[in-house]
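Report on the following structure.
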Amino acid sequence: MLKARVITALFLLAGLLAALFLLPAVGWLVFASLICAVAASEWSTMLGFGGISRHIYAGILGALCLASGAVAGLHQEATVAPFGLAPVYAVSALFWVLCVPFWLRARWQLPGRGAAALIGLVLLLPPSLAIAHLRLLSPWLLLGVMAAVWIADIAAYFTGRAFGRRKLAPAISPGKSWEGAFGAVAGVTVYGLICLSMVGHGLSSGGYFLAVPALVAFTAISIIGDLFESLIKRQAGVKDSGTLLPGHGGVLDRIDSLTSTLPITGLLALWIAS
């Protein structure tokens, strides 16, 4: 299993970097829409959708991502501030900040399939559009945000293995601990400050001071995204969202924390550009 995970991870990273730096804007938007469609297929499977219903749902979300991105101008290299995405990002931010923490605390069951399908729309469309948006600003920016999520996962895993005592959410994800969460916060904070020191020339000491709580909040939102998918999988009675990626489960398993962090990052990018 470890060998499969490593090989799959290397292929995924190579493919991601090639697409990230080589595809034109329209090609990258298509790529983001494909990710949305595959993740939607996995989400609908966990909802119990049948074969044809699953394909229709995945096709609708993928097409909606492609169409929305085109309307926002994400297929053009010159687009850097697609303000039309602000409401989409705002709905996502409200969902993650105001709804999901209570959802996790109460461990609500998903509503009927229709409502759950709408939740999938809120869950998957905003981050898919953010993938296309942030890449237009800079491939390095998108890669940096994704790396922050990866660092949070890695730091949480190793810190939790070494020092984990107090369970973070035992009824949702028994392997996660508060010590692992603190390790994730520390890892992302150090990483973020290093990145700022490299690219934030002229940034005042106050800017660094404000960056720390922002990085802590980013890590918390990342963990919430991870826990939310863990809760849905537990309620669906599955270990992974899919089997597309050997040793890693499905696409949704790989982007769970990105579903919560990317839209908020996109909203922040729009705020800075305004």
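Other residues, nucleotides and ligands contribute at most 12 non-hydrogen atoms within 6.0 Å of the CH2 atom of Trp140. Within 6.0 Å of CZ on Phe102 lie no more than 12 heavy atoms contributed by other residues, nucleotides or ligands. Within a 6.0 Å radius of OH in Tyr157, no more than 12 heavy atoms belonging to other residues, nucleotides or ligands are found. With a 6.0 Å radius and a threshold of 12 heavy atoms from other residues, nucleotides or ligands, Phe21 has its CZ atom above the threshold.
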Checking Leu252 against Leu124 for the side chain to side chain contact (heavy atoms under 4.5 Å, CB included) test, could you report, in this order, the C-alpha distance in whole Å, the side-chain angles of both residues, the deciding distance, and whether it holds? CA-CA 9 Å; Leu252 193 51; Leu124 299 173; 3.8 Å; yes
Applying side chain to side chain contact (heavy atoms under 4.5 Å, CB included) to His133 and Leu262, what does each step give before you reach the verdict? CA-CA 10 Å; His133 168 207; Leu262 283 177; over 6 Å; no
Between Leu85 and Leu267, is a side chain to side chain contact (heavy atoms under 4.5 Å, CB included) present by the stated rule, with each step listed? CA-CA 8 Å; Leu85 295 180; Leu267 190 62; over 6 Å; no
Please assess Leu94 against Cys99 for the test side chain to side chain contact (heavy atoms under 4.5 Å, CB included), listing each intermediate value before the final yes or no. CA-CA 7 Å; Leu94 291 173; Cys99 178; over 6 Å; no
Criterion side chain to side chain donor-acceptor pair (under 3.5 Å) on Arg54 and Ser41, from CA distance to verdict: CA-CA 6 Å; Arg54 185 178 77 249; Ser41 176; 3.3 Å; yes
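For the pair Val80/Leu136, no side-chain contact is recorded, criterion being any heavy-atom separation below 4.5 Å from C-beta on. Counting heavy atoms from C-beta on, the side chains of Thr265 and Phe218 come closer than 4.5 Å. Ile56 places a side-chain heavy atom less than 4.5 Å from the side chain of Ile52. Counting heavy atoms from C-beta on, the side chains of Thr219 and Phe182 never come closer than 4.5 Å. By the 4.5 Å heavy-atom criterion applied to side chains, Val88 and Pro263 are not counted as neighbours. Within the 4.5 Å cutoff, no side-chain heavy atoms of Val188 are placed close to those of Val149. A heavy-atom distance below 4.5 Å is not found between the side chains of Leu215 and Val212. Here the side chains of Ser173 and Leu227 are in contact, with some heavy-atom distance below 4.5 Å.
In this structure a side-chain-to-backbone donor-acceptor pair under 3.5 Å is present from Arg135 to Leu20. Checking side-chain atoms of Tyr57 against main-chain N and O of Ala117 turns up a donor-acceptor pair under 3.5 Å. Between the side chain of Ser257 and the backbone N or O of Ser222 there is at least one donor-acceptor pair closer than 3.5 Å. At least one donor-acceptor pair under 3.5 Å links the side chain of Glu77 to the backbone N or O of Ala25. Formation of a donor-acceptor pair under 3.5 Å by the Ser68 side chain with backbone atoms of Cys65 is not found in this model. Lys233 places no side-chain N or O within 3.5 Å of a backbone atom of Asp240 that could act as its donor or acceptor partner. For the pair Glu179 (side chain) and Arg165 (backbone), a donor-acceptor distance under 3.5 Å is present. For the pair Ser128 (side chain) and Ser33 (backbone), a donor-acceptor distance under 3.5 Å is absent. Judged by distance alone, with hydrogens and angles left aside, the side-chain atoms of Ser53 form no donor-acceptor pair with the main-chain N or O of Phe49 at under 3.5 Å. For the pair Trp43 (side chain) and Ala116 (backbone), a donor-acceptor distance under 3.5 Å is present.
In this structure, NZ in Lys167 is found 7.0 Å from OG in Ser177, a value given to the nearest 0.5 Å. We find the CG-NZ distance between Asp253 and Lys239 to be 8.5 Å, quoted to the nearest 0.5 Å. Taking OG1 of Thr261 as the reference point, atom CG of Leu258 lies at 5.0 Å (rounded to 0.5 Å). From Tyr191, atom OH reaches atom CD1 of Ile154 across 11.0 Å, with rounding to the nearest 0.5 Å. To the nearest 0.5 Å, the span separating CG on Leu12 from CG on Leu17 amounts to 10.5 Å. Rounded to the nearest 0.5 angstrom, Leu125 CG and Ile60 CD1 are separated by 12.5 Å.
Closest approach of Gly73 and Thr79 over heavy atoms only: O-OG1, 2.7 Å. Of all the heavy atoms in Leu231 and Ile172, the pair that sits closest is N-CG2, 3.6 Å. The minimum heavy-atom distance linking Gly183 with Thr159 is given by the pair CA-OG1, 3.6 Å. Counting all heavy atoms, side chain and backbone alike, Glu42 lies closest to Ser241 at OE1-OG, 3.0 Å. The minimum heavy-atom distance between Asp226 and Lys176, with the atom names listed, is OD2-CE, 3.2 Å. Residues Ala273 and Ala81 share a closest heavy-atom pair of CB-CB, 4.0 Å.
Between Trp103 and Phe95, the two ring planes are perpendicular [angle over 60°; tilted spans 30° to 60°]. The aromatic rings of Phe228 and Trp96 lie perpendicular to each other, with more than 60° between the two planes, well past the 30° mark.
Side-chain heavy atoms closer than 4.5 Å link hydrophobic residues (I, L, V, M, F, W, Y) into clusters, and following such links, possibly through other members, connects Leu98 to Tyr89. Residues Val71 and Leu121 do not share a hydrophobic cluster, defined by chaining ILVMFWY side chains whose heavy atoms lie under 4.5 Å apart. A single hydrophobic cluster is seen to contain both Leu16 and Val251, as judged by linkage of ILVMFWY side chains at heavy-atom distances under 4.5 Å, directly or through other members. Leu64 and Leu118 fall into different hydrophobic clusters, where Ile, Leu, Val, Met, Phe, Trp and Tyr residues are linked whenever their side-chain heavy atoms come under 4.5 Å apart, directly or through other members. Taking hydrophobic clusters as Ile, Leu, Val, Met, Phe, Trp and Tyr residues chained together by side-chain heavy-atom distances below 4.5 Å, Ile221 does not share a cluster with Trp271.
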